[in-house]
Amino acid sequence: MTNQQIATHFARLADVMELRGDNLFKIRAYRRAAQTIDGYPRSIAALRDAGSLTEIDGIGSAIADKIGELLDTGRLSLLDRLEAELPAGVATLMQVPEIGPKSARALYDTLGIDSIEALAAAAEAGRLEAVKGIGPRTVQRIVAGIEALQRRSDRSLLGVALPRAEALLAALQAAAPNTVLHSSVAGSLRRCLPTIGDMDLLVAAAPEDGATLIATFNALPWVAQSFGSGERKSRVQLHSGEEVDLRVVEPRHWGCALAYFTGSKEHNIRIREIAQRQGYSLNEYRLVDSAQQEHYFEREAELYDVLGLPWIPPTLREDQGEIAAARAGELPELVQLSDLRGDLHMHSRWSDGKATILEMGQAAKARGYEYIAITDHSQSLGMTGGLTPDQLIAQRYEIINANAKLGDFRILQGAEVEIKADGTLDYPDEVLAQLDVVVASMHSGIRGGREENTRRLLNAIRNPHVHIIGHMTNRLLGEREGADLDVTEILRSAAEHGTILEINAHPKRLDLDASHGREAIEMGCLLSIDSDAHSTEGLEVMRYGVMQAQRAWAEAEDVINSRPLEELLGYLS
DNA sequence: GCCGTTTTCGGCCCGACTGTTTTCAGTCG
């Protein structure tokens, strides 16, 4: 049973207990455990075998026992018992905005509603007002909530949402030039999650400018409709479909507000607990001390400082151990885009890329890199114009010529070699041995079982000519689940053989996932952050890869392409 | 159910908004 599957059981347990009105702190404990387990960088099953589950923050003896039951029997008897009393569908009602546990329960008890479809039908038929506490306005809100749920079912890619959010802030800045004093993205955008639900924007302005600023924002050409706005906040939908929350605060509130609206919620709760323990009370505007004295912070770092913590980068704020690390002075020095000296995975016209090798080299040099690897597809990937061994030889001459024109810059010859269904590679070893950089990837047939997929990757990892495993799971965000894999086994083998694992920076991939990346680093693997560019513009996505590496707690030394060329070549050979 | 710079028992983050409930509960972020 995977960490995610275990987490799902505890999340469902929390849901059904909430519907029953059970002890809220118990529910919070289950929910927190689910969240911790879901993002945990090592195998929960292995930890249980080692008897060290309770060393995880938020997991005590009771939850550890339940994890044991789940791993042994595949079931959670408490959950089974509770779900026998209350249909599992009732919990899904809470997905509708405006409906929480109390309303969901009331809808079920009064009208027998146990699905969103039944809820929509009852609303249509005008039956909802029979439920105590639900009046005509609430019915309207529920109907709107169901629509919002359908609208919101697909999340935006970070690589789409972030540039859009930055452009929105720039447009607001331009439309109200002397009013916007600070501005930033917030929420999951600022924490750089691979996919984004709503876009959160935060702006500082003088109190008297708030209402004007909101009106200016709502009138921007991007905005399709406004769902309601006051003097401090506005919620709108863009023509592109995304929903945006804009908040306006006073400049003196900026530090607290930015921290608050960046989240994550779990991180904020922990920060508040620390504040409380020191006799403070913290909200999104200010810190109040025990003498009721109010403290304002224009910068986030000042707030963390007062609490005795160093500033914690937003990409770490997931309550996954960053607060303990901050306290201990052990926060990682996260890898930055400026640390990268090259890019080891990209395509040219030789396979399915749009630019020539020279153009890719020039564009990369202009970005400040010292080297790149051209890694066109191998022969079996017919659709992409994969190269035969003979074509590789011809390509080498073009690379030599391009290098002659680029001066102090180096193009390496590589290949993205297909890991075939039987686990063998698409080029024989003597061909692989001629290449500077070999990236081995799975593209096809990942519907095989966990064992088969794992075996394919292990074969590639053990091959001494393979340097890097490309986009390990082959997931496509919002389109395709990644391959089912024994990730721990793969990472262990990669660490043992010195095989590098790629964080593919393409916004649809971002694969390794952050939790896998963190586990990889903890197991001693090296990472490579690569664009997988198919054009010169494709090189730009590197920043999203760096963000995911940060979410995996990676430092520059964990990332092979932060090294100078000579050092890189030394490692590869 | 978890946990301890105040604790092994007694707490557990906080404010805004909204609708319908005439004094506040529910939901959200």
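In this text, all values refer to a predicted model and were calculated from it rather than measured experimentally. Chain letters run A, B, ... following the sequence lines, proteins first, then strands; residues in each count from 1. All heavy atoms count here, side chains included; hydrogens, waters and symmetry mates do not.
DNA chain B is contacted by F25(A), K26(A), R28(A), A29(A), Y30(A) of residues 22-37 of chain A, taking any non-hydrogen atom closer than 4.0 Å.
When all heavy atoms are compared, the tightest approach of S188(A) to G197(A) is OG-N, 4.5 Å. In terms of heavy atoms, A11(A) sits closest to A34(A) at N-CB, 3.7 Å.
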Test log, rule side-chain contact (heavy atoms from CB on, under 4.5 Å), inputs L111(A) and L128(A): CA-CA 8 Å; L111(A) 298 173; L128(A) 291 187; 4.0 Å; yes

Candidate pair E318(A) and L193(A), rule side-chain contact (heavy atoms from CB on, under 4.5 Å), full reasoning: CA-CA 10 Å; E318(A) 301 294 343; L193(A) 265 65; 3.5 Å; yes

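Spacing between atom CG of L307(A) and atom P of dT5(B) amounts to 15 Å, rounded to whole angstrom units. As rounded to whole Å, 16 Å separates atom C1' of dG1(B) from atom CD of E69(A). Atom CG of N268(A) and atom P of dC13(B) are 12 Å apart (whole Å). Separating the CD atom of Q278(A) from the C1' atom of dC13(B) is a distance of 15 Å, rounded to the nearest angstrom. Look at CZ on R20(A): it is 13 Å from P on dG1(B), rounded to the nearest Å. To the nearest angstrom, P of dG4(B) lies 12 Å from CD1 of I274(A). For H267(A) and dC13(B), the NE2 to C1' distance is 13 Å, given to the nearest whole Å. Separating the CG atom of L128(A) from the C1' atom of dT20(B) is a distance of 16 Å, rounded to the nearest angstrom.
Within the structure, side-chain hydrogen bond (donor to acceptor under 3.5 Å, both in side chains) pairs that include any residue of residues 81-98 of chain A comprise R12(A)-E83(A), R20(A)-E85(A), E98(A)-R141(A) (at least two apart or interchain).
Annotation: dG11(B) and dT6(B) have their C1' atoms spaced 11 Å apart (nearest Å). Distance check on atom C1': dG26(B) versus dT20(B) gives 12 Å, rounded to whole Å. If you take atom C1' in dT18(B) and the same atom in dT23(B), they sit 15 Å apart, rounded to whole Å. Of the C1' atoms belonging to dC13(B) and dC28(B), the separation is 14 Å, rounded to the nearest Å. For the C1' atom pair drawn from dG1(B) and dT8(B), the interatomic distance equals 15 Å after rounding to whole Å. For the C1' atom pair drawn from dC12(B) and dT7(B), the interatomic distance equals 13 Å after rounding to whole Å.
S234(A) and N218(A) are linked by a side-chain donor-acceptor pair at a separation below 3.5 angstrom, with hydrogens and angles left out of the test.
Counted within 6.0 Å of CD on E489(A), heavy atoms from surrounding residues, nucleotides or ligands total more than 12; the atom is thus considered enclosed. Surrounding CZ of R450(A) are more than 12 heavy atoms belonging to other residues, nucleotides or ligands, all under 6.0 Å away. Within 6.0 Å of atom CG in D80(A), more than 12 heavy atoms from other residues, nucleotides or ligands are found, so the atom counts as buried in its surroundings. Counting heavy atoms of neighbouring residues, nucleotides and ligands inside a 6.0 Å radius, atom CD of E208(A) exceeds 12 of them.
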Distance-only check: which donor-acceptor pairs under 3.5 Å involve side-chain atoms of residues 514-523 of chain A, not counting sequence neighbours?
residue: S515(A); atom: OG; partner: D513(A); partner atom: OD2; Å: 2.9
residue: R518(A); atom: NH1; partner: Q320(A); partner atom: O; Å: 3.0
residue: R518(A); atom: NH2; partner: Q320(A); partner atom: O; Å: 3.2
residue: E519(A); atom: OE2; partner: T488(A); partner atom: OG1; Å: 2.9
residue: E522(A); atom: OE1; partner: R42(A); partner atom: NH1; Å: 2.4

Quiz: residues 301-316 of chain A side-chain donor-acceptor pairs under 3.5 angstrom, not counting sequence neighbours:
residue: E302(A); atom: OE1; partner: E298(A); partner atom: N; Å: 3.4
residue: Y304(A); atom: OH; partner: H267(A); partner atom: NE2; Å: 2.9
residue: Y304(A); atom: OH; partner: R317(A); partner atom: NE; Å: 3.3
residue: W311(A); atom: NE1; partner: E300(A); partner atom: OE1; Å: 2.8
residue: T315(A); atom: OG1; partner: Q550(A); partner atom: OE1; Å: 3.0

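When each of T138(A) and A64(A) is assigned the nucleotide of DNA chain B bearing its nearest heavy atom, the one mapping closer to the 5' terminus is A64(A).
Among the atoms of the strands shown, base atoms are found under 4.0 Å from some heavy atom of I269(A). Residue-level contact check: D245(A) touches neither bases nor backbone, having no heavy atom under 4.0 Å from any strand.
E18(A) has a carboxylate O that lies under 4.0 Å from a charged side-chain N of R31(A), or vice versa, which qualifies the two as a salt bridge.
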Each nucleotide N or O in nucleotides 14-18 of chain B that has a protein N or O under 3.5 Å away: list the pair and distance.
residue: dC14(B); atom: OP2; partner: Q276(A); partner atom: NE2; Å: 3.3
residue: dT18(B); atom: O3'; partner: R141(A); partner atom: NH1; Å: 3.3

What N/O pairs connect the protein and nucleotides 25-28 of chain B at under 3.5 Å? Give each pair on its own line.
residue: dT27(B); atom: OP1; partner: G100(A); partner atom: N; Å: 2.8
residue: dT27(B); atom: OP1; partner: G100(A); partner atom: O; Å: 3.3
residue: dT27(B); atom: OP1; partner: S103(A); partner atom: N; Å: 2.9
residue: dT27(B); atom: OP1; partner: S103(A); partner atom: OG; Å: 2.4
residue: dT27(B); atom: OP2; partner: K102(A); partner atom: N; Å: 3.2
residue: dT27(B); atom: O5'; partner: G100(A); partner atom: N; Å: 3.4
residue: dC28(B); atom: OP1; partner: E98(A); partner atom: N; Å: 2.6

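Here dT20(B) is the nucleotide among dC3(B), dT20(B), dG1(B) with the atom lying nearest to any side-chain atom of P136(A).
In this entry dG11(B) has dC2(B) as its Watson-Crick or G-U wobble partner, both defining distances falling under 3.5 Å.
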